[in-house]
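Okay, so here's the structure we're looking at.
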Amino acid sequence: MADDNSVTYTIADDHVNAIRWMSAGKVLVVGTSGAEFTVQASSLNEALTPSNVTVRRETTRGSADTNAVRVNQAALFIQRAGRKLFEQMYDFSADSFLAQELSLLANHISRRGLAEIAYQAEPWTVLWAALDDGGLAGLTYMRDQQVVGWHRHPLGGVDAKALSVSVIPGTTQDELWLVVERTINGGTRRYVEFMEYEFLPADANDKDNAFFVDAGLSYSGDPATVIFGLDHLEGEEVAVLADGAAHPDKQVQSGSITLDRPAGVVQVGLPFASRLETLDLDVGAPDGASIGRQKRIDRAVVKFLDTLGARVGYDEAHLDEVLFRDASAPMNSAPLLFTGEKRVVFPKGWDTAARVMVVQTQPLPCTVAAVVPRVTVNEA
């Protein structure tokens, strides 16, 4: 038997497990329906040949019938039940490959069922997941920085569902492509969409090309009041950004909308809301934790980056508009993008719950760098 012959090898195990995925690194990791195995030669310095094959069972998590994703030294895979995400990675202290759960602190997201995953290395290092119920979730994964954080991305429109996700290389970043099912004008349609590139303004006045709508299109040319080509959104209420300024929403009729004023650069699409909400704040007390005690947030400082349009408050029903227009700015143009701190006063009284919420509902950029609340705890 020659060393360059093909290899057919039966894994010796106490269960008959179907192979779900294989991921190549320093060793070949094989995920099956009942366990995870490594396949290698007797030494890492030797080649794998028909006569030199070693298969070891490393963990017994079990894998769903979907491909794993290789991220540097780790293989990320969906567990057999489809409700957990695991990271298969070599651990030096254990001298073995371990499978740690990455969805442990956000099981309210993953328990909806993970249908498919895809990894975007640029620009945010995010593992995207299409959920069984049509939701879209992301996992910011930077293992070298010890950053593992989940986030949800509700799609704009009525009954929108992300059915499939895939990532391909783009010009300056990886592109996330999705198959999205939408209810449009009373009918069900499926579209192939991709996530717009990261918004990186050149200066505070560079906001015309801010694209923060779903299933949207862009127009650039001579100033116009009628925007055509919107047949895929027929009958829907759409958000509009005209020359960098938020425009009143319009309804698509006969594949077009009519603007209230001419604009040369227009973004049109389904609106969506971006929400950031802190957990209940435990700021401590002189004699212990503040959990369960009456507390009050009287103000919060929010640090923004290249932002225009946001509301801040303590819940969805009590949000105050953040003012970004300077008193000296002309009223016939949109305010400049803002970078800096805004102080928001909270009218809420005493309560055992203390949270801060930042919401953006306009088709404009909003990046929150920090939220610093001032909390008073009742010691009684």
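Every value quoted in this text rests on a predicted model; they were computed, and no experiment measured them.
- Within the model, atoms CG of Asn72 and CE of Met142 stand 11.0 Å from one another, a figure rounded to the nearest 0.5 Å.
- A side-chain donor-acceptor contact under 3.5 Å links Tyr197 and Glu175.
- Among residues at least two apart or in separate chains, side-chain hydrogen bond (donor to acceptor under 3.5 Å, both in side chains) pairs with a member in residues 214-237 are Ser218-Gln267.
- Clustering ILVMFWY residues whenever any of their side-chain heavy atoms sit less than 4.5 angstrom apart, transitively, puts Ile109 in the very cluster that holds Tyr141.
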* To do: Verify salt bridge (charged side-chain N to carboxylate O under 4.0 Å, His left out) between Asp65 and Arg80, making sure each step is shown before the conclusion.
  => CA-CA 7 Å; Asp65 191 11; Arg80 180 176 59 247; over 6 Å; no
* Show your working on side-chain contact (heavy atoms from CB on, under 4.5 Å) between Tyr119 and Val71 and close with a plain yes or no. => CA-CA 8 Å; Tyr119 177 66; Val71 182; 3.6 Å; yes
* To do: Run the numbers on Val322 and Val302 for side-chain contact (heavy atoms from CB on, under 4.5 Å), then give the verdict.
  => CA-CA 10 Å; Val322 180; Val302 183; over 6 Å; no
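- Residues Val344 and Val371 share a hydrophobic cluster, clusters being chains of Ile/Leu/Val/Met/Phe/Trp/Tyr side chains in contact below 4.5 Å.
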* Evaluate the salt bridge (charged side-chain N to carboxylate O under 4.0 Å, His left out) criterion for residues Lys303 and Glu341: first the C-alpha distance (whole Å), next the side-chain angles of each, then the deciding distance (0.1 Å), finally the verdict. => CA-CA 4 Å; Lys303 189 171 185 179; Glu341 299 172 356; 5.0 Å; no
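- The NE2 atom of His153 lies 10.0 Å from the CZ atom of Phe272; values are rounded to the nearest 0.5 Å.
- For the pair Thr140 and Val148, the minimum side-chain heavy-atom distance is 4.5 Å or more.
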* To do: Applying side-chain contact (heavy atoms from CB on, under 4.5 Å), run through Val213 and Val238 and close with a yes or a no.
  => CA-CA 9 Å; Val213 292; Val238 294; over 6 Å; no
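- Side-chain atoms of Ser63 and Trp21 form a donor-acceptor pair, as typed in the model, at a separation below 3.5 Å.
- Looking at Arg83 and Leu114, their side chains never come closer than 4.5 Å, going by heavy atoms from C-beta outward.
- Summarising the geometry of Gly349 relative to Arg296, their closest heavy-atom pair is O-CG, 3.7 Å, with the distance given to 0.1 Å.
- Applying the side-chain hydrogen bond (donor to acceptor under 3.5 Å, both in side chains) rule to pairs touching residues 88-114 yields Glu58-Ser96, Thr59-Gln88, Tyr90-Asp95, Asp91-Ser93, Glu101-Ser103, Arg112-Asp133, sequence neighbours excluded.
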* Check the pair Thr376 / Trp350 against side-chain contact (heavy atoms from CB on, under 4.5 Å), numbers first and verdict last. => CA-CA 9 Å; Thr376 302; Trp350 295 93; 3.8 Å; yes
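- Rounding to the nearest 0.5 angstrom, the gap separating the CZ atom in Arg143 from the CG atom in Leu76 is 9.0 Å.
- The shortest distance between side-chain heavy atoms of Val30 and Thr32 falls below 4.5 Å.
- Here the side chains of Asp306 and Pro365 are not in contact, with every heavy-atom distance at 4.5 Å or above.
- Summarising the local packing, CZ of Arg189 is surrounded by more than 12 heavy atoms from other residues, nucleotides or ligands at distances under 6.0 Å.
- Residues Trp150 and Leu102 come closest through the heavy atom pair NE1-O, 2.9 Å.
- A donor-acceptor pair under 3.5 Å is formed between the side chain of Gln251 and the backbone N or O of Gly235.
- Grouping the Ile, Leu, Val, Met, Phe, Trp and Tyr side chains by contacts below 4.5 angstrom, directly or via other members, places Ile117 with Leu139.
- Proximity of Ile257 to Leu230: side-chain heavy atoms (C-beta onward) are separated by under 4.5 Å at one or more points.
- Although no hydrogens or angles enter the test, the distance criterion places a donor-acceptor pair under 3.5 Å between the side chain of Asp243 and the main chain of Val265.
- Residues Ile19 and Val39 fall within the same hydrophobic cluster, defined by Ile, Leu, Val, Met, Phe, Trp and Tyr side chains chained together at heavy-atom separations under 4.5 Å.
- At distances below 3.5 Å, not a single donor-acceptor pair connects side-chain atoms of Gln362 with backbone N or O atoms of Leu364.
- Residue pairs meeting the side-chain hydrogen bond (donor to acceptor under 3.5 Å, both in side chains) criterion with at least one member in residues 158-169, sequence neighbours excluded, are Glu116-Ser164.
- Asp351 meets the salt bridge (charged side-chain N to carboxylate O under 4.0 Å, His left out) test with Lys348; sequence neighbours excluded.
- Within the 3.5 Å criterion, the main-chain N or O of Asp260 finds a donor-acceptor partner in the side chain of His247.
- Here the closest non-hydrogen pair linking Arg311 and Thr361 is NH2-CG2, 3.7 Å.
- Annotation for Gly229 and Leu217: closest pair O-CD1, 3.1 Å, computed over non-hydrogen atoms.
- Within the structure, every pair that satisfies the salt bridge (charged side-chain N to carboxylate O under 4.0 Å, His left out) test and touches residues 193-212, not counting sequence neighbours, is listed here: Arg182-Glu193.
- Atom OG of Ser23 is separated from atom CD of Glu36 by 12.0 Å, given to the nearest 0.5 angstrom.
- Taking hydrophobic clusters as Ile, Leu, Val, Met, Phe, Trp and Tyr residues chained together by side-chain heavy-atom distances below 4.5 Å, Leu241 does not share a cluster with Val252.
- Applying the salt bridge (charged side-chain N to carboxylate O under 4.0 Å, His left out) test to every pair with at least one member in residues 263-276, sequence neighbours left out, gives these pairs: Arg275-Glu316.
- For the side-chain contact (heavy atoms from CB on, under 4.5 Å) with Phe37, the qualifying choice from Met22, Arg57, Arg56 is Arg57, the only one to do so.
- Contact check for Leu281 versus Pro373: side-chain heavy atoms found under the 4.5 Å cut-off.
- When the shell of 6.0 Å around CD1 of Ile168 is examined, it contains more than 12 heavy atoms from other residues, nucleotides or ligands.
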* Asked: Can you check side chain to side chain donor-acceptor pair (under 3.5 Å) on Glu181 and Tyr191, steps first, answer last?
  -> CA-CA 6 Å; Glu181 182 179 277; Tyr191 299 141; over 6 Å; no
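- Within the 4.5 Å cutoff, the side chain of Leu28 has no heavy atoms near those of the Thr38 side chain.
- Heavy-atom minimum distance, Gly138 versus Val126: CA-CG1, 4.0 Å.
- Under 4.0 Å is where a charged nitrogen must lie from a carboxylate oxygen, and between Arg355 and Glu277 at least one such pair does.
- With rounding to the nearest 0.5 angstrom, the CG atom of Asp174 is 9.0 Å from the OG1 atom of Thr125.
- What you find for Ala215 and Leu270 is that their closest heavy atoms are CB-CD1, 4.3 Å.
- To the nearest 0.5 Å, the span separating CD1 on Ile291 from CZ on Arg293 amounts to 11.0 Å.
- The cationic group of Lys84 does not satisfy the cation-pi geometry with Phe86, failing either the under 6.0 Å distance to the six-membered ring centre or the 45° limit from the ring axis.
- Between Phe324 and Phe304, a ring centre-to-centre spacing shorter than 6.0 Å is recorded.
- Annotation: side chain of Leu337 is not in contact with side chain of Thr307 (no heavy-atom distance under 4.5 Å).
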